[in-house]
Amino acid sequence: MAADIKPFGTLPDGREVQAITLEKGGISLTVTNYGCRVLRLMAPDRDGNPGDVVLGHRTLEEYFGKNFQGAAIGRFGNRIGGAAFTVDGQEYTLAKNDGENSLHGGPGGFHQALWAVEVPEGEDTVIFTLESPDGEEGFPGTVKASITYTLGDQDTLRIIYRAVSDKKTPFNPTNHSFFNLSGDPAKDVLGTELTINAQRITAVRDDLIPTGELIHVADGPLDFRGPKALGKDMFAQDHLIQLCKGFDHNFCTDGSGYRKIAEAYEPDSGRVMEVFTDMPGVQLYTFNIPDEGLVGKDGQPMRPHTAFCLETQFYPDTVHHENFPGGWLEKGQEFVSKTTYKFSVR
């Protein structure tokens with residue numbers, strides 16, 4: 001069916017924001033050009049009842065500020081240690097929006113931008129484009145980026161990231177949707193069973209900046225190689241888990257190229273979400289400490305552990321670790337990456 005495009009408020013500078021809805025098969029997706037955010041993702045449960053499987057807010061204004069709900073993240077997802085890096089002998093400094101470090105592209109990153117919108121006729125697709133000028137948020141190079149959302153067969157949501165820069169620059173895009181497969185934003189995800197195809201994680205300091213070491217997960221609280229309820233080890237006597245009050249870890253996923261890296265199953269609803277990507281890592285975050293004042297689509301304050309994120313990515317702080325894959329956009333070289341979320345029931 002044709003895309004449904006509606007107003008979704010106005011930015012303080014007067015620019016109008018849109019919400020675009022696509023439907024195909026059993027799922028319905030609503031996105032906005034403010035931050036390329038996923039506002040709503042409807043998928044049926046085992047009884048055929050549709051439910052919204054992502055957290056979010058009711059109004060545009062609630063997405064302002066340090067809020068990554070459903071957003072496209074860039075230029076650099078996750079953290080850059082010391083909020084600085086060097087390219088060809090020149091040091092670049094970034095905003096420190098996570099202690100002494102840079103997080104998710106800085107306070108004025110992709111999640112705060114108003115993207116141009118294209119909805120190709122006859123396709124279940126919306127294309128967002130953005131030109132990020134040289135020096136924006138401290139990053140070198142003018143980057144021309146696009147993010148394409150497509151609903152495919154078998155109830156899939158595919159996200160394709162493209163970018164090109166006129167200078168070498170760090171680049172690590174992702175999507176920061178907060179999933180709750182129960183369809184109830186008030187229900188915790190402790191019973192959600194998760195599998196991540198990863199033998200190792202990146203070891204990090206207490207500020208979540210990697211040390212460069214990769215740690216095996218075997219038989220520990222971060223071993224998700226087989227299905228395991230999130231609540232089983234979410235409060236384990238592990239230093240970093242205790243510090244984060246849940247999971248906030250980068251998994252170095254097995255294999256290379258486009259492949260299945262994870263699967264989540266919610267026993268109460270029967271919903272299954274499989275994750276496919278060509279990126280080497282994925283960040284598991286279990287919404288451990290919601291910012292004060294966040295209110296969900298149900299009008300209630302957002303509570304801890306009511307969602308999980310699976311952010312496909314290059315490893316955090318890869319710009320400082322030569323043994324980590326990717327994370328750089330070379331001058332004139334097009335970046336293309338694909339991540340797919342597939343929904344079903346059992």
Side-chain angles (χ1 to χ4, degrees), residues 36 71-98 100-111 113 129-148 159-176 200-205 207-214 250-253 255-259 261 277-283 311-339:
C36 282
I73 301 298
R75 296 185 187 184
F76 198 92
N78 218 302
R79 293 166 174 85
I80 292 179
F85 58 90
T86 301
V87 180
D88 298 331
Q90 181 175 347
E91 185 176 62
Y92 294 86
T93 57
L94 311 173
K96 295 179 178 180
N97 63 331
D98 186 59
E100 291 298 305
N101 308 310
S102 172
L103 175 66
H104 290 333
F110 284 1
H111 66 291
T129 56
L130 177 73
E131 182 171 308
S132 175
D134 184 22
E136 185 169 57
E137 290 299 301
F139 290 96
T142 295
V143 171
K144 295 181 179 179
S146 73
I147 299 178
T148 302
I159 307 176
I160 296 181
Y161 306 88
R162 298 180 186 273
V164 66
S165 176
D166 62 1
K167 293 181 182 178
K168 182 177 180 180
T169 191
F171 196 69
N172 187 20
T174 191
N175 177 271
H176 210 312
R200 298 177 298 176
I201 63 164
T202 47
V204 295
R205 309 180 317 219
D207 61 357
L208 303 187
I209 298 299
T211 65
E213 181 184 5
L214 304 181
N250 172 68
F251 289 76
C252 309
T253 53
S256 61
Y258 184 73
R259 69 222 182 273
I261 61 150
T277 191
D278 52 15
M279 295 294 263
V282 65
Q283 188 85 8
E311 305 159 63
T312 58
Q313 61 180 6
F314 294 118
Y315 302 168
D317 197 39
T318 187
V319 296
H320 291 129
H321 301 279
E322 292 185 359
N323 59 317
F324 288 2
W328 293 99
L329 182 57
E330 298 289 341
K331 177 182 177 180
Q333 183 176 2
E334 186 183 25
F335 172 89
V336 182
S337 178
K338 178 171 68 173
T339 292

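The residues of the chain are indexed from 1 along the displayed sequence. From a predicted model like this one, the values you see are computed outputs, not experimental measurements.
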Q: Donor-acceptor pair, distance only, cut-off 3.5 Å: does the side chain of T142 make one with the backbone of D166?
A: no
Q: On a heavy-atom basis, which atom in S165 and which in K167 lie closest, and how many Å separate them?
A: OG-O, 2.6 Å
Q: Distance-only, no hydrogens or angles: does the H104 side chain make a donor-acceptor pair with backbone N or O of N78 under 3.5 Å?
A: yes
Q: So, are K168 and D88 salt-bridged, with charged N and O less than 4.0 Å apart?
A: no
Q: Just by modelled atom types, is the F314 backbone N or O under 3.5 Å from a matching donor or acceptor in the N172 side chain?
A: yes
Q: Which distance, rounded to the nearest 0.5 Å, do you find between the OG1 of T202 and the CD of Q283?
A: 7.0 Å
Q: Give a yes or no answer on whether the side chain of T174 reaches the backbone of T312 with a donor-acceptor pair at less than 3.5 Å.
A: yes
Q: When the ring centroid of H111 is compared with that of H176, is the distance short of 6.0 Å?
A: no
Q: Is there a side-chain contact between S132 and F110, using heavy atoms and a 4.5 Å cut-off?
A: yes
Q: Take F85 and L94 through the test side-chain contact (heavy atoms from CB on, under 4.5 Å) and record every step on the way to the result.
A: CA-CA 9 Å; F85 58 90; L94 311 173; 3.8 Å; yes
Q: Using only atom types and a distance under 3.5 Å, with no angle test, would you say the side chain of H320 pairs donor to acceptor with the backbone of A84?
A: yes
Q: When you measure from the side chain of T253 to the backbone of P280, do you find a donor-acceptor pair of N or O atoms at a distance under 3.5 Å?
A: yes
Q: With a cut-off of 6.0 Å (strictly less than), are more than 12 heavy atoms of other residues, nucleotides or ligands near NZ of K144?
A: no
Q: Just by modelled atom types, is the I147 backbone N or O under 3.5 Å from a matching donor or acceptor in the R162 side chain?
A: no
Q: Under the side-chain contact (heavy atoms from CB on, under 4.5 Å) criterion, do F324 and D317 qualify, and how do the steps go?
A: CA-CA 9 Å; F324 288 2; D317 197 39; 5.7 Å; no
Q: Would you tell me whether N101 and D207 have side-chain atoms, one donor and one acceptor, within less than 3.5 Å of each other?
A: yes
Q: Between N250 (side chain) and G281 (backbone), is there a donor-acceptor pair under 3.5 Å?
A: no
